[in-house]
Amino acid sequence: KYYPLQLNYTWHYQDTANSSEFDLKVIEQTSVNGAVGWRVAKSGTEDWDVLTLDDKGLRLQMKRDKNGTNNWAPGVTFSPATGKLGETYTTLPDFVNPGTGNKMVWTVKFEKFVDVTVPAGKYASCALLKLAVKDQKLGTKFASVEMWLAPGVGLVKRQGQFFGQFFVQNLMSCTLK
């Protein structure tokens, strides 16, 4: 219920770290790693993610960006379907970091529930998830991201750094119908 995925759902964000605005839009339903997935595209780029939301929870299955397309089999778990406050979820996808030749450990902690105010409005009881991505052998941190998900709305705020890109993204508006 914290990240609704249906065809044509659209979220409009402002990134105050680089003074830009963009949309994330569900553009198609697809099959990925044996599950039903939803391709979510970023406007103004060729970037997209494939997310699944099923009895195994919310998972990132694939990602396309300027570095190419990566399949994160078995899917990076953001939260299992029965996620609980204070729990930490670790995923070790098959993907190998081309720079080190090592796998990357993805860790997500379900930190707490908080109320969040962004330009799109005030959202109560948002799930705060903290994501870290580290090299399995070296321990080098590649990402540190905080994500706030509102029930029935999805991602309302995201900030941190992801593989060298810094951002502070706030929801401006959304179309969920």
Side-chain angles (χ1 to χ4, degrees), residues 2-3 5 11 13 15-20 22-81 83-84 86-112 127-149 154-170:
Y2 280 87
Y3 207 122
L5 294 168
W11 300 265
Y13 298 93
D15 187 336
T16 58
N18 62 27
S19 301
S20 67
F22 64 93
D23 290 340
L24 293 179
K25 182 176 183 177
V26 181
I27 60 169
E28 75 172 331
Q29 185 177 6
T30 186
S31 178
V32 60
N33 300 327
V36 174
W38 300 93
R39 188 179 312 268
V40 180
K42 183 177 180 182
S43 64
T45 71
E46 294 185 18
D47 298 358
W48 49 258
D49 295 334
V50 175
L51 301 169
T52 53
L53 183 61
D54 54 23
D55 61 347
K56 293 180 182 175
L58 176 62
R59 294 176 294 150
L60 172 64
Q61 299 284 351
M62 294 180 75
K63 181 170 197 61
R64 182 182 192 287
D65 61 19
K66 65 182 179 188
N67 299 313
T69 303
N70 297 306
N71 187 332
W72 301 107
V76 174
T77 300
F78 286 137
S79 178
K84 294 186 176 102
E87 288 186 339
T88 299
Y89 316 108
T90 302
T91 309
L92 184 63
D94 289 337
F95 176 79
V96 175
N97 180 340
T100 66
N102 301 327
K103 289 186 177 184
M104 293 184 298
V105 178
W106 292 63
T107 305
V108 177
K109 183 174 183 189
F110 188 164
E111 190 74 23
K112 59 184 173 180
L128 171 57
L129 304 178
K130 291 189 176 183
L131 164 72
V133 181
K134 293 182 179 180
D135 185 285
Q136 181 185 24
K137 292 182 181 174
L138 301 176
T140 306
K141 188 181 275 190
F142 291 102
S144 180
V145 179
E146 294 177 308
M147 301 175 285
W148 290 262
L149 297 129
L155 187 66
V156 294
K157 184 174 182 176
R158 175 170 57 183
Q159 67 185 27
Q161 70 85 17
F162 191 78
F163 292 82
Q165 294 186 337
F166 294 86
F167 52 87
V168 178
Q169 300 166 344
N170 292 297

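Below, each value reflects all heavy atoms present in this structure, side chains not excepted, and no hydrogens, waters or symmetry copies.
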Chemist: Mind checking side-chain contact (heavy atoms from CB on, under 4.5 Å) for Lys25 and listing every partner two or more places apart, or none if nothing turns up?
Modeler: Asn8, Thr10, Ile27

Chemist: Rounded to the nearest 0.5 Å, what separates atom NZ in Lys137 from atom NZ in Lys103?
Modeler: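 Result: 10.0 Å between the selected atoms.
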
Chemist: Could I get the full list of side-chain contact (heavy atoms from CB on, under 4.5 Å) partners for Leu53, not counting sequence neighbours?
Modeler: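 Checked Leu53 against side-chain contact (heavy atoms from CB on, under 4.5 Å); matches are Leu5, Leu58.
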
Chemist: Considering only heavy atoms from C-beta outward, does the side chain of Asn18 approach that of Phe167 to under 4.5 Å?
Modeler: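 No; the side chains remain at least 4.5 Å from each other.
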
Chemist: Compare all side-chain heavy atoms of Arg59 with those of Asp54 and state whether any distance is below 4.5 angstrom.
Modeler: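 SC-SC contact between Arg59 and Asp54 confirmed.
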
Chemist: State plainly whether the residues Lys42 and Asp49 are in salt-bridge range, i.e. N to O under 4.0 Å.
Modeler: no

Chemist: Counting C-beta onward and ignoring hydrogens, is there a side-chain heavy-atom pair between Phe163 and Met104 closer than 4.5 Å?
Modeler: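 Contact flag for Phe163/Met104 side chains = yes.
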
Chemist: How far apart are the C-alpha atoms of Val156 and Trp11, what are their side-chain angles, what is the distance that settles it, and do they pass the side-chain contact (heavy atoms from CB on, under 4.5 Å) test?
Modeler: CA-CA 9 Å; Val156 294; Trp11 300 265; over 6 Å; no

Chemist: Which heavy-atom pair separates Ala127 from Tyr2 by the least distance, and what is that distance?
Modeler: N-CE2, 3.8 Å

Chemist: In Å and rounded to the nearest 0.5 Å, what is the CH2 to CZ distance from Trp106 to Phe78?
Modeler: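 Reported value, rounded in 0.5 Å steps: 6.0 Å.
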
Chemist: Could you tell me whether Lys134 atom NZ has more than 12 heavy atoms of other residues or ligands within 6.0 Å of it?
Modeler: no

Chemist: Quick check: closest heavy atoms across Asn71 and Asn33, and the distance to 0.1 Å?
Modeler: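 Heavy atoms of Asn71 and Asn33 come nearest at OD1-ND2, 3.1 Å.
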
Chemist: Once you round to the nearest 0.5 Å, how far does CE of Met62 lie from OG1 of Thr30?
Modeler: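 Here the interatomic distance stands at 8.0 Å.
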
Chemist: Hey, does Gln136 have a side-chain heavy atom less than 4.5 Å from the side chain of Leu92?
Modeler: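 Leu92 reaches Gln136 side chain to side chain.
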
Chemist: Quick check for you: to the nearest 0.5 Å, what is the distance between Gln159 atom CD and Glu146 atom CD?
Modeler: 5.0 Å

Chemist: Could you go through Val105 and Thr90, starting from their C-alpha distance and side-chain angles, then the distance that decides it, and tell me whether this counts as side-chain contact (heavy atoms from CB on, under 4.5 Å)?
Modeler: CA-CA 7 Å; Val105 178; Thr90 302; 3.5 Å; yes

Chemist: Should we say atom CD of Gln165 is surrounded by more than 12 heavy atoms from elsewhere, each under 6.0 Å from it?
Modeler: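 Open: at most 12 neighbouring heavy atoms sit under 6.0 Å from CD of Gln165.
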
Chemist: Between Tyr13 and Arg158, is there a side-chain heavy-atom distance shorter than 4.5 Å?
Modeler: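 Side-chain contact under 4.5 Å: no.
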
Chemist: How far apart are the closest heavy atoms of Pro93 and Pro74, and which atoms are they?
Modeler: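 Looking at all heavy atoms of both residues, the shortest contact is CA-CD, 3.8 Å.
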
Chemist: Mind checking what makes side-chain contact (heavy atoms from CB on, under 4.5 Å) contact with Phe166, not counting sequence neighbours?
Modeler: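 Gln161.
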
Chemist: Can you confirm whether Lys109 sits close enough to Thr107 that some side-chain heavy atom of one is under 4.5 Å from a side-chain heavy atom of the other?
Modeler: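 Not in contact.
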
Chemist: With a 4.5 Å heavy-atom cut-off, do Trp72 and Gln61 have their side chains touching?
Modeler: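 No - every pair of side-chain heavy atoms lies 4.5 Å or more apart.
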
Chemist: Counting N and O atoms only, with roles assigned by atom type, does the side chain of Thr140 sit under 3.5 Å from a partner on the main chain of Asp135, one being a donor and the other an acceptor?
Modeler: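 Side chain of Thr140 to backbone of Asp135: no pair is present.
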
Chemist: Would you give the length of the straight line joining atom NZ of Lys130 to atom OG1 of Thr88, rounded to the nearest 0.5 angstrom?
Modeler: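 Going from the NZ atom of Lys130 to the OG1 atom of Thr88 covers 11.0 Å.
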
Chemist: Supply the atom-to-atom distance Phe95 CZ to Asn70 CG, rounded to the nearest 0.5 angstrom.
Modeler: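 One finds 4.0 Å between CZ of Phe95 and CG of Asn70.
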
Chemist: Do Thr52 and Trp38 have side chains that approach each other closer than 4.5 Å (heavy atoms only, starting at C-beta)?
Modeler: no

